[in-house]
Amino acid sequence: MPELPEVETIRHTLKRFVVGKTIENVQVFWPKIIKQPDDVEAFKLLLHGQTIHDIKRKGKFLLFELDDYYLVSHLRMEGKYSVHPKVEAIPKHTHVIFALSTGEELRYNDVRKFGTMHVLEKNQLFQEKPLNHLGPDPFDPEFTIDYFSEKIKRTNRVIKAVLLDQTVVAGLGNIYVDETLFKAGVHPLKNANKLTKAEIAAIRKQAIATLKDAVKQGGTTIRSYVNGQGEMGMFQQELNVYAQENTACKNCGRTIIKMKVGGRGTHVCPGCQKQ
DNA sequence: CTGGATGTTCGACA
DNA sequence: ATGTCGAACATCCA
């Protein structure tokens, strides 16, 4: 499900429901979601009595700032958070419940059970898994043209694979990579190390612009994404190529096609993106 | 009914 | 060392 704009929207909307509240109890119904500590009982014990002070984000990860730790949560394809009164019925696919001091529950729901949670010491947040090898966010000052060009030169992969690589730049996923490459006028199958300086600059610029715009629209809802208050995103109205196959390109009128690139469904305008 | 696809990532292989 | 591919899992659609 969520890429950077969706995670950012969840972060923002969820904050007002949980900040200042204390975790009094934790229930885990699908232990494989808990990656650190490896023992689920230890996970519960660490969180017991911890107050949630803030929610931050790095790439597609949510970072719950607690008294002594960060709870690092990745939503993968379908993960969702929501806050409910304890008495409210627990829906299917709810796998982790954090009971809060207010009598409410922060619930983690994940149809496909791919999501992950790590509890990390605050001072080594970025020193160990899962955050240690992440590249900069597109909005970070470190994501310069020089940095991006260096990364691109050293690889033999197609540009779409490079943009999906979170160690290069953190936060882009399948939707926003396709949208970025369309706006930059670059074909997803183009070899990264054959890109011109101008193309590299355009990709960087359009990645930043696309994500900013999508954050403004509260993310993209294709079928299941909702934010921390259960609301859908609006960016799907602005999609140029993703999920637009067999429709006319808004720019040139040619028919948008769908193909496979590195195993991922990939949307291309054959007029605007030449290989 | 069966196979393929879904917004992600990682570990197993070549 | 790098790059590709399937698996983790549930659901929906052709």
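Below, read A as the first sequence line, B as the second, and so on, with proteins coming before strands; counting in each chain starts at 1.
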Could you give the CD-to-P distance, from A:Glu78 to B:dT8, as a whole number of Å? 11 Å
Taking atom C1' in both C:dA1 and B:dT8, compute the distance separating them and give it to the nearest angstrom. 24 Å
Would you say that A:Arg107 contacts A:Glu88 through its side chain, given a criterion of any heavy-atom pair below 4.5 Å between the two side chains? yes
Find out whether A:Val119 and A:Leu47 are in side-chain contact, i.e. whether some heavy atom of one side chain is under 4.5 Å from a heavy atom of the other. yes
Do A:Asn191 and A:Asn156 have side-chain atoms, one donor and one acceptor, less than 3.5 Å apart? no
A:His53 and A:Thr51: side-chain donor and acceptor closer than 3.5 Å? no
What integer number of Å spans the C1' atoms of C:dA8 and B:dC1? 24 Å
Report which part of the nucleic acid A:Thr220 touches: base, sugar-phosphate, or nothing (heavy-atom distance under 4.0 Å, all strands). base
Heavy-atom contacts, protein to nucleotides 9-14 of chain B, under 4.0 Å, summarised as B (base), S (sugar-phosphate only) or - (none) per nt, yield B-S---
To the nearest angstrom, how far is A:Lys80 atom NZ from B:dG7 atom P? 14 Å
Is it true that A:Glu8 and A:Arg57 make a salt bridge, defined as a side-chain N closer than 4.0 Å to a carboxylate O? yes
Mind checking the P distance from C:dC9 to B:dG11? Whole angstroms is fine. 15 Å
Can you check the distance between C:dG3 and B:dG7, where both ends of the measurement are the P atom (answer in whole Å)? 23 Å
Atom CD1 of A:Ile222 to atom P of B:dA5: distance rounded to whole Å? 17 Å
Taking any heavy-atom pair under 4.0 Å as a contact, classify A:Asn156: base, sugar-phosphate, or nothing. sugar-phosphate
Knowing that exactly one of A:Thr266, A:Asp178, A:Ile175 qualifies, which makes a side-chain contact (heavy atoms from CB on, under 4.5 Å) with A:Val241? A:Asp178
Give one of base, sugar-phosphate or nothing for A:Gly265, where a contact means two heavy atoms less than 4.0 Å apart. sugar-phosphate
Which residues pass the side chain to side chain donor-acceptor pair (under 3.5 Å) test with A:Asn132, sequence neighbours left out? none
Rounded interatomic separation in angstrom, taking CZ from A:Phe114 and P from B:dG7: 12 Å
Indicate, with yes or no, if the rings of A:Phe64 and A:Tyr81 have centres closer together than 6.0 Å. yes
Within a strict 4.5 Å, meaning less than it, do heavy atoms of the A:Arg16 and A:Gln229 side chains meet? yes
Please list every stem that involves DNA chain C, where a stem is a run of 3 or more consecutive Watson-Crick or G-U wobble pairs with both pairing distances under 3.5 Å. B:2-6 with C:10-14, B:8-14 with C:2-8
When the C1' atoms of B:dG4 and C:dG6 are compared, how many Å lie between them, rounded to an integer? 14 Å
For A:Met77 and B:dG7, give me the distance from atom CE to atom P, rounded to whole Å. 5 Å
A:Glu245 has an atom CD; how far is it from atom P of B:dG7, in whole Å? 11 Å
Joining Ile, Leu, Val, Met, Phe, Trp and Tyr whenever any side-chain heavy atoms lie under 4.5 Å apart, the cluster holding A:Leu120 also takes in A:Phe61, A:Leu63, A:Tyr70, A:Val72, A:Leu125, A:Phe126, A:Leu131, A:Leu134
Name every donor-acceptor pair, under 3.5 Å, that has one atom in a side chain of residues 243-257 of chain A and the other anywhere in the protein, sequence neighbours excluded.
residue  : atom : partner  : partner atom : Å
A:Gln244 : NE2  : A:Tyr242 : O            : 3.0
A:Thr247 : OG1  : A:Gln244 : O            : 2.6
A:Lys250 : NZ   : A:Leu239 : O            : 2.9

Within the structure shown, what part of the strands sits under 4.0 Å from A:Lys35 by heavy-atom distance: base, sugar-phosphate, or nothing? nothing
Note: chain A reaches DNA chain C at heavy-atom distances under 4.0 Å over the stretch, first to last nt, 5' to 3', of C:dG3 to C:dT11
Do A:Tyr176 and A:Glu6 have side-chain N/O donor and acceptor atoms under 3.5 Å apart? yes
